[in-house]
Amino acid sequence: DAGVIQSPRHEVTEMGQEVTLRCKPISGHDYLFWYRQTMMRGLELLIYFNNNVPIDDSGMPEDRFSAKMPNASFSTLKIQPSEPRDSAVYFCASSLERGDIQYFGAGTRLSVL
Amino acid sequence: DAKTTQPPSMDCAEGRAANLPCNHSTISGNEYVYWYRQIHSQGPQYIIHGLKNNETNEMASLIITEDRKSSTLILPHATLRDTAVYYCIKTNSGYALNFGKGTSLLVTP
């Protein structure tokens with residue numbers, strides 16, 4: 001398996017624009033996680049899905065953020081409208097079962113100007 | 001839910017053992033200790049985990065004290081590629097990983 005695949009690797013956008021980050025989990029994994037990493041706050045869990053259903057979105061910072069998982073092999077994290085403080089590295093991870101090892105993608109580095 | 005405590009940074013000579021400590025004095029009976037690392041510009045990578053027994057795999061060894069209040073990750077023969085930030089995490093569910101600030105390990109030639 002190719003592992004967790006995220007796209008794009010880098011995204012530069014202007015304040016107010018919509019940003020969509022994409023993730024393909026490892027095939028067969030039932031859990032998918034979205035994290036954000038900043039210098040100030042470190043790695044934070046934003047939301048996680050089980051069998052394509054959002055289970056806990058308490059980490060989503062505000063209504064400008066939304067995440068979907070339309071099928072077992074694809075998830076998106078959308079920011080609309082984007083703000084400079086959203087600049088961070090966003091990671092997607094997947095695991096086979098709850099409590100199992102999480103496998104991370106290479107991340108998307110987002111810069112909002 | 002208090003996080004774990006790790007030294008912010010450590011150095012290790014290449015070829016020597018790297019011993020990374022972690023304090024988790026508030027750990028409860030059903031919480032595991034997980035170790036991940038993050039090499040610069042990459043996503044976190046799982047290393048090893050344990051409940052109360054010492055564990056070893058191809059990457060590292062995990063030594064957990066008898067009272068489970070602390071543990072040590074051992075990289076037996078550190079290489080330059082082991083330079084990374086190492087995170088010690090305690091969790092009872094596995095999904096909610098509080099990464100904290102970790103230990104920045106620098107392996108020097």
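Throughout, protein chains are lettered first and strands after them, A, B, ... in sequence-line order, and every chain is numbered starting at 1.
Counting heavy-atom pairs closer than 4.5 Å to chain B, the top residue among A:Q37, A:E97, A:R41, A:E44 is A:Q37.
Atom CD1 in A:I101 sits 11.5 Å away from atom CD1 in B:I47 (nearest 0.5 Å).
With a 6.0 Å radius and a threshold of 12 heavy atoms from other residues, nucleotides or ligands, A:R109 has its CZ atom at or below the threshold. Heavy atoms of other residues, nucleotides or ligands lying less than 6.0 angstrom from CD of A:E83 number more than 12. For A:D63, the CG atom counts as loosely surrounded, since its 6.0 Å shell holds 12 or fewer non-hydrogen atoms of other residues, nucleotides or ligands.
Grouping the Ile, Leu, Val, Met, Phe, Trp and Tyr side chains by contacts below 4.5 angstrom, directly or via other members, places A:F74 apart from A:L46. Taking hydrophobic clusters as Ile, Leu, Val, Met, Phe, Trp and Tyr residues chained together by side-chain heavy-atom distances below 4.5 Å, A:L77 does not share a cluster with A:V4.
Using a 4.5 Å cut-off between heavy atoms, B:Y32 does not touch chain A at all.
When all heavy atoms of A:F91 and B:Q42 are compared, the pair lying nearest together is CZ-O, 3.7 Å.
The shortest side-chain heavy-atom distance between A:Y35 and B:L97 falls under the 4.5 Å cut-off. The shortest distance between side-chain heavy atoms of A:Q102 and B:Y36 falls below 4.5 Å.
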